[in-house]
Q: 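Just passing along the structure, written as structure tokens.
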Number of protein chains: 2
Amino acid sequence: MSGCQIDTSVIRPIRFFNGKCQMLDQRLLPAEEVWLEYNTYEEIADAIRTMVVRGAPAIGVAAAIGVWFGVRDIETASSQKFFAQMKQICDVLAATRPTAVNLFWALERMKHFAESNLDRSVMELKIGLEYEALAICQEDEQLCIKLGRQGQSLIPDGSRVLTHCNAGALATAGYGTALGVIRAAVAAGKKIAVLADETRPWLQGARLTTWELQKDNIPVTLICDNMAGYLMSKGEIDCVIVGADRIAANGDVANKIGTYTVAVLAKEHKLPFYVAAPMSTIDFSLSDGSQIPIEERDALEITHLKDIQLAPEGIEVRNPAFDVTPNRLVTAIITECGVVQGDYQQGLAELIQKR
Amino acid sequence: MSGCQIDTSVIRPIRFFNGKCQMLDQRLLPAEEVWLEYNTYEEIADAIRTMVVRGAPAIGVAAAIGVWFGVRDIETASSQKFFAQMKQICDVLAATRPTAVNLFWALERMKHFAESNLDRSVMELKIGLEYEALAICQEDEQLCIKLGRQGQSLIPDGSRVLTHCNAGALATAGYGTALGVIRAAVAAGKKIAVLADETRPWLQGARLTTWELQKDNIPVTLICDNMAGYLMSKGEIDCVIVGADRIAANGDVANKIGTYTVAVLAKEHKLPFYVAAPMSTIDFSLSDGSQIPIEERDALEITHLKDIQLAPEGIEVRNPAFDVTPNRLVTAIITECGVVQGDYQQGLAELIQKR
């Protein structure tokens with residue numbers, strides 16, 4: 001990776017420039033920081049499927065890079081044939097994970113660029129698609145910073161903020177969504193203490209949220225998922241902020257499994273429950289959350305931790321990776337374009353129009 | 001262990017007879033079934049502290065055996081001196097774990113026997129105390145069977161029952177409390193499917209509840225603690241049943257961390273939330289649950305699994321081992337003496353009087 005300096009003090013899970021892509025292997029954190037190099041779209045698809053990279057916005061960024069890796073090797077002079085092959089590449093990337101809509105959003109954006117420019121040469125399409133992938137990557141971090149500024153006023157000085165899973169720099173191109181709001185609050189001079197749910201089975205909270213907040217010297221305390229209710233009942237949590245993998249047009253929120261439980265607990269304790277996500281997470285094609293597909297992952301994620309057996313052989317397991325929090329439990333949805341409260345159907349529609 | 005046959009088809013975590021005690025090392029299940037032998041009260045205290053044996057009723061049984069191991073070696077002809085030394089032994093056992101009241105109940109019962117018989121010889125006291133320890137052990141399994149019969153009518157045929165932690169044979173002398181009710185429902189010919197919360201950080205649900213239900217051929221599905229809310233929202237859970245470590249006079253219930261969260265979820269979804277516990281779990285000296293001491297355990301239980309590091313070095317951790325569920329969230333408390341619903345203050349007081 002010569003000819004370019006990377007500011008490694010800023011946490012960015014995807015390094016994409018000069019025709020190359022490296023991704024921080026998030027399966028190995030926090031014990032090891034290993035960067036893997038990618039050169040083909042099949043490799044990128046595999047990285048998404050196996051969760052080297054995870055987090056809805058980061059998956060979108062990786063998918064865009066994957067499309068670029070796929071199309072740059074297409075050998076044809078026909079823009080139509082180029083686009084036909086590009087669609088097949090997009091289909092492979094789309095089949096990696098079902099719930100996070102940013103994946104499909106990024107693929108659609110790449111396809112839309114090509115489809116809108118089929119009168120151009122294949123070379124021009126390739127150049128344009130590399131630029132588009134780079135733009136998706138750059139814009140993601142910038143909009144996280146904007147989103148953080150939009151949301152930080154909701155977090156009072158001195159707050160003890162619970163978060164679930166990792167909606168941080170590691171889940172985006174950089175800065176983060178839920179953790180972006182926290183970073184913006186800290187940057188505004190507020191004293192914020194974060195409580196991180198460990199987030200079984202993949203432990204994104206224990207492994208990733210703690211890791212990136214510790215790096216940024218933001219106070220963080222790790223708890224198990226089943227402890228948040230107890231701490232709320234003792235008055236030790238002031239508000240909740242989480243990310244999202246897909247938001248329906250009515251404001252129902254699909255996010256990491258366990259988010260719904262935290263939202264119910266927040267309601268019981270009359271605590272604000274905030275969702276922070278970029279506009280690309282909102283799926284206006286779905287009227288409500290019941291239509292969001294929920295990925296069920298392998299039983300081994302729950303029954304084993306590396307080589308350690310945690311449950312008897314042959315035991316039945318359910319492993320839904322996401323759940324849906326109904327809009328009535330959401331205090332506000334924070335996007336880079338503004339904060340929506342109350343009537344999400346109308347508020348989200350207005351945001352997308354004035355964007 | 002000669003001269004006596006054990007029916008090993010029945011799950012009993014403590015084998016106590018012929019002056020010896022073996023305990024199934026519950027830290028190693030389900031991967032290994034290792035029986036450890038105990039001969040002194042200090043060893044028994046260590047087994048309780050390090051959770052070789054766990055579960056409120058089983059801790060009480062182990063403590064009683066510990067007292068017997070301690071007093072049998074006391075060398076004095078004075079019953080008064082014997083009792084003074086016995087109290088010191090009880091103090092060591094009492095200091096092992098703070099929340100489960102059955103521990104203190106068993107120690108009090110042993111002390112009460114000695115104190116009521118100080119006119120007898122030391123040899124008679126020793127014989128009486130061995131009998132008392134055996135009785136506590138025998139009675140515990142018998143009362144679990146009674147408790148199961150009391151509670152099973154609350155569980156309709158075809159129910160999908162969520163349980164948290166392990167309130168089974170492994171948490172008692174045998175049969176179990178919450179799982180005793182399920183065993184009794186199955187014995188009554190009902191078709192019951194159990195959902196087991198894995199119960200972080202110690203994984204009693206993943207390791208123990210699944211293990212003992214699988215042995216008894218009762219259908220069980222393992223989930224992570226953060227999945228119960230999602231399954232309730234999908235209509236896949238019909239009721240909840242848990243054990244208890246201490247119940248205050250007003251019916252507030254201390255139980256494994258996460259129980260309170262499950263109770264809040266049950267309320268949100270209008271599902272019955274049952275607590276199954278022997279009368280010895282009720283602490284009439286405490287007017288409500290706020291007075292129940294909550295044990296905080298070592299951070300390593302959360303940051304590491306055996307040698308695997310799950311969180312960054314030096315991260316702050318909270319590890320409360322129990323929480324308190326207020327009586328308003330409890331649909332019924334099931335004991336061996338009867339089922340209490342509604343006014344727990346009065347109902348529990350009436351139960352103890354007619355006992």
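Lettering follows sequence order; numbering is per chain, from 1. As a basis for the values below, the full set of heavy atoms in this structure was taken, side chains included, without hydrogen atoms, waters or symmetry mates.
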Q: Under 4.5 Å heavy-atom distance to chain A, tell me which part of Leu208(B) shows up: side chain, backbone, both or neither.
A: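 Looking at Leu208(B), nothing touches chain A.
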Q: With no hydrogens and no angle check, just 3.5 Å: does a side-chain donor-acceptor pair link Asn166(A) and Glu212(A)?
A: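 A donor-acceptor contact under 3.5 Å links the two side chains.
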Q: Are Glu33(A) and Lys215(A) close enough for a salt bridge, meaning some N to O gap below 4.0 Å?
A: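 Result for this pair is yes, salt bridge flagged.
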Q: Looking only at heavy atoms and a cut-off of under 4.5 Å, which of His164(B), Glu198(B), Gln309(B) has the most pairs with chain A?
A: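 Sorted descending by pairs with chain A, the first entry is Glu198(B).
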Q: Examine whether an atom of Leu231(B) lies under 4.5 Å from a heavy atom of chain A, and if so say whether it belongs to the side chain, the backbone or both; otherwise answer neither.
A: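 Interface part for Leu231(B): side chain.
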Q: Need one label for Glu236(B): side chain, backbone, both or neither, based on atoms under 4.5 Å from any heavy atom in chain A.
A: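 Contact with chain A is through the side chain of Glu236(B) alone.
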Q: Quick one: what part of Leu195(A) sits under 4.5 Å from any heavy atom of chain B, side chain, backbone, both or neither?
A: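 Interface part for Leu195(A): neither.
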Q: How long is the gap from CG on Asn255(A) to CG on Asp245(A), to the nearest 0.5 Å?
A: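 Rounded to the nearest 0.5 Å, the CG-CG separation comes to 5.0 Å.
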Q: Can you confirm whether more than 12 heavy atoms, excluding those of Asp157(A), are under 6.0 Å from its CG atom?
A: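 It does: Asp157(A) CG has more than 12 such atoms within range.
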Q: Looking only at heavy atoms and a cut-off of under 4.5 Å, which of Ile223(A), Leu265(A), Val264(A), Leu310(A) has the most pairs with chain B?
A: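 Ranked by heavy-atom pairs under 4.5 Å with chain B, first place is Leu310(A).
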Q: Is it the side chain or the backbone of Asp225(B) that comes within 4.5 Å of chain A heavy atoms, both, or neither?
A: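 Side chain only.
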Q: If you compare all heavy atoms of Arg12(A) against all heavy atoms of Gly174(A), which two are closest, and at what distance to 0.1 Å?
A: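 In this case the closest contact between Arg12(A) and Gly174(A) is CG-CA, 4.4 Å.
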Q: Which region of Ile257(B), side chain (C-beta onward) or backbone (N, CA, C, O), has a non-hydrogen atom less than 4.5 Å from a non-hydrogen atom of chain A, or is it both or neither?
A: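 For Ile257(B), backbone and side chain are both near chain A.
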Q: Please determine, among Asn319(A), Thr325(A), Ile315(A), Thr259(A), the option with the most heavy-atom pairs under 4.5 Å with chain B.
A: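 Highest number of pairs under 4.5 Å: Ile315(A).
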Q: Is Lys267(B) close to chain A through its backbone or its side chain, or both, or neither, when contacts mean heavy atoms under 4.5 Å?
A: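 Just its side chain gets close to chain A.
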Q: Heavy-atom distances under 4.5 Å only: say whether Leu203(A) touches chain B with side chain, backbone, both or neither.
A: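 Leu203(A) touches chain B through side-chain heavy atoms alone.
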